[in-house]
Amino acid sequence: MSVSLHIEGVSMNGSLKRAAGGLLAVGVAVALTAGCSTKSTAKPAAAAVPGGQAGSSTKIAVVAAENFWGSIALQLGGTHVAETSIITNPDTDPHSYEATPNDAKLIAGAQLFIQNGIGYDTSWAPKLVSANPASGRDVLTVGDVVGLKDGDNPHQWYSHDSVYKVIDAIVAEYKKLDPADASYFDTQKQSFENTTLATFNQLESEIKTQYAGTPIGASESIVSPLADTLGLKMLTPYSFLKDISEGNDPSVADKTTIDGQIKGKQIKVYVYNSQNSTPDIAAQVNEAKAAGIPVTTVTETLAPASATFQDWMVGELQGLKAALAQATGH
């Protein structure tokens with residue numbers, strides 16, 4: 001398995017700019033009307049008919065805005081689902097993604113569209129849904145499932161509890177769209193949670209048992225749900241984490257606080273999102289290394305793009321566990 005994790009030799013991929021896409025859906029709708037053709041990284045989902053018969057070749061057409069939710073949806077659906085993810089490139093920032101006419105066509109033809117919400121893909125995904133109405137299409141918004149709104153932390157695929165709530169919601173949608181195969185989806189869910197996610201669950205449990213309360217620093221708010229899940233103590237001011245995540249300039253006071261935490265070795269491990277590096281973050285990574293603080297990475301989307309959700313997460317948890325072991329000596 002190849003994952004973009006390491007404790008040393010951190011690479012910089014440049015700053016990802018956050019941009020609003022308020023007029024995007026209108027432009028896509030116009031482009032479609034005019035017959036414009038633009039390439040997309042997504043592959044068309046197979047045609048499907050609601051309420052497929054048990055044992056038939058009919059599949060539920062599922063489209064996910066982001067591939068981490070798409071990976072889960074595909075594995076839960078098994079042979080009864082055809083899934084397409086729109087954002088698959090690890091270098092693509094979902095906040096500022098520029099949708100294409102092909103994306104609009106995919107959403108228009110989906111029986112189930114999964115979007116993250118919580119301000120993460122809301123500049124483009126809901127607009128494409130509204131601009132391309134389709135009867136019989138369900139829309140699953142992760143923010144609604146976990147009870148969060150715009151302004152809250154959107155990175156809920158790093159929260160164990162949120163992931164399991166989304167699993168429940170996806171399976172409920174499948175059983176609604178294809179009631180004849182309800183028992184199949186129940187079996188898929190049980191296998192995914194108990195077998196497929198076994199190593200993922202074990203690593204989370206081991207890290208929480210061995211390192212709960214360990215102070216860490218981070219580059220942005222993507223790390224916060226993971227720290228909460230694992231019981232790690234996040235020392236980096238949340239205002240800084242949120243500013244970096246949203247593409248805003250952090251305050252001088254926050255940067256001064258973090259510099260002091262690193263130089264004083266108040267944090268044991270520094271975790272940063274390698275897909276969203278700014279000059280401030282690059283400086284912090286270098287300062288942490290100079291102070292002998294282990295550095296490990298996470299990414300915004302599946303890395304590599306061909307990875308499954310569980311392989312991606314296991315790789316990142318292994319990197320974090322190794323960094324914690326190095327920092328604490330056990």
**Item:** Any side-chain heavy-atom pair of Ile86 and Ile107 under 4.5 Å
**Value:** yes

**Asked** Could you give the distance from CD1 (Ile262) to CG (Asp259), rounded to the nearest 0.5 Å?
**Response** 6.0 Å

**Request:** Indicate yes or no: does Asp178 engage Lys59 in a salt bridge with an N to O separation below 4.0 Å.
**Result:** no

**Request:** Using the test side-chain contact (heavy atoms from CB on, under 4.5 Å), find all partners of Gln210 that sit at least two apart in sequence or belong to another chain.
**Result:** Glu206, Lys321

**Message:** I'd like to check the ring-ring contact (aromatic ring centres under 6.0 Å, His included) partners of Tyr238; sequence neighbours left out, ordered by chain and number.
**Reply:** none

**Complete:** Rounding to 0.5 Å, atoms OH (Tyr272) and OG1 (Thr297) come to a distance of 6.5 Å

**Asked** Should Ile258 and Pro237 count as side-chain neighbours, where that means a heavy-atom distance under 4.5 Å?
**Response** yes

Please tabulate, one pair per line, all N/O donor-acceptor pairs under 3.5 Å involving side-chain atoms of residues 65-78, not counting sequence neighbours.
from: Trp69; atom 1: NE1; to: Asn116; atom 2: OD1; distance (Å): 2.9
from: Ser71; atom 1: OG; to: Gln75; atom 2: NE2; distance (Å): 3.1
from: Ser71; atom 1: OG; to: Phe309; atom 2: N; distance (Å): 2.9
from: Gln75; atom 1: OE1; to: Gln310; atom 2: NE2; distance (Å): 2.8
from: Gln75; atom 1: NE2; to: Ser71; atom 2: O; distance (Å): 3.2
from: Gln75; atom 1: NE2; to: Gln310; atom 2: OE1; distance (Å): 3.0

**Prompt:** If you measure from the Lys or Arg side-chain nitrogens to the Asp or Glu carboxylate oxygens, is any gap between Glu193 and Lys189 under 4.0 Å?
**Reply:** yes

**Complete:** Heavy-atom closest pair (Val295 atom, Lys289 atom, distance to 0.1 Å) is CG2-CG, 4.0 Å

**Asked** Are the ring centres of Trp312 and Phe200 closer than 6.0 Å?
**Response** no

**Message:** Just to verify, what does Ser306 make a side-chain contact (heavy atoms from CB on, under 4.5 Å) with, not counting sequence neighbours?
**Reply:** Pro304

**Message:** Distance check, rounded to the nearest 0.5 Å: Gln318 atom CD versus Thr199 atom OG1?
**Reply:** 8.5 Å

**Prompt:** Does CG in Asn194 sit with more than 12 non-hydrogen atoms of other residues, nucleotides or ligands closer than 6.0 Å?
**Reply:** yes

Listed pairs under 3.5 Å, donor-acceptor, residues 139-149 side chains, sequence neighbours left out:
from: Thr141; atom 1: OG1; to: Gln115; atom 2: NE2; distance (Å): 2.8

**Request:** Classify the side-chain pair Glu98/Thr100 by whether it contains a donor and acceptor separated by less than 3.5 Å.
**Result:** no

**Request:** For residues 263-282, pull every pair meeting salt bridge (charged side-chain N to carboxylate O under 4.0 Å, His left out), keeping only residues two or more places apart or in separate chains.
**Result:** Lys255-Asp280

**Asked** Is the side chain of Thr308 donor-acceptor paired with the backbone N or O of Asp311 at a distance under 3.5 Å, no angle test?
**Response** yes

**Request:** Verify ring pair (Phe, Tyr, Trp, His ring centres under 6.0 Å) between Tyr174 and His80, making sure each step is shown before the conclusion.
**Result:** CA-CA 9 Å; Tyr174 289 167; His80 292 272; 9.7 Å; no

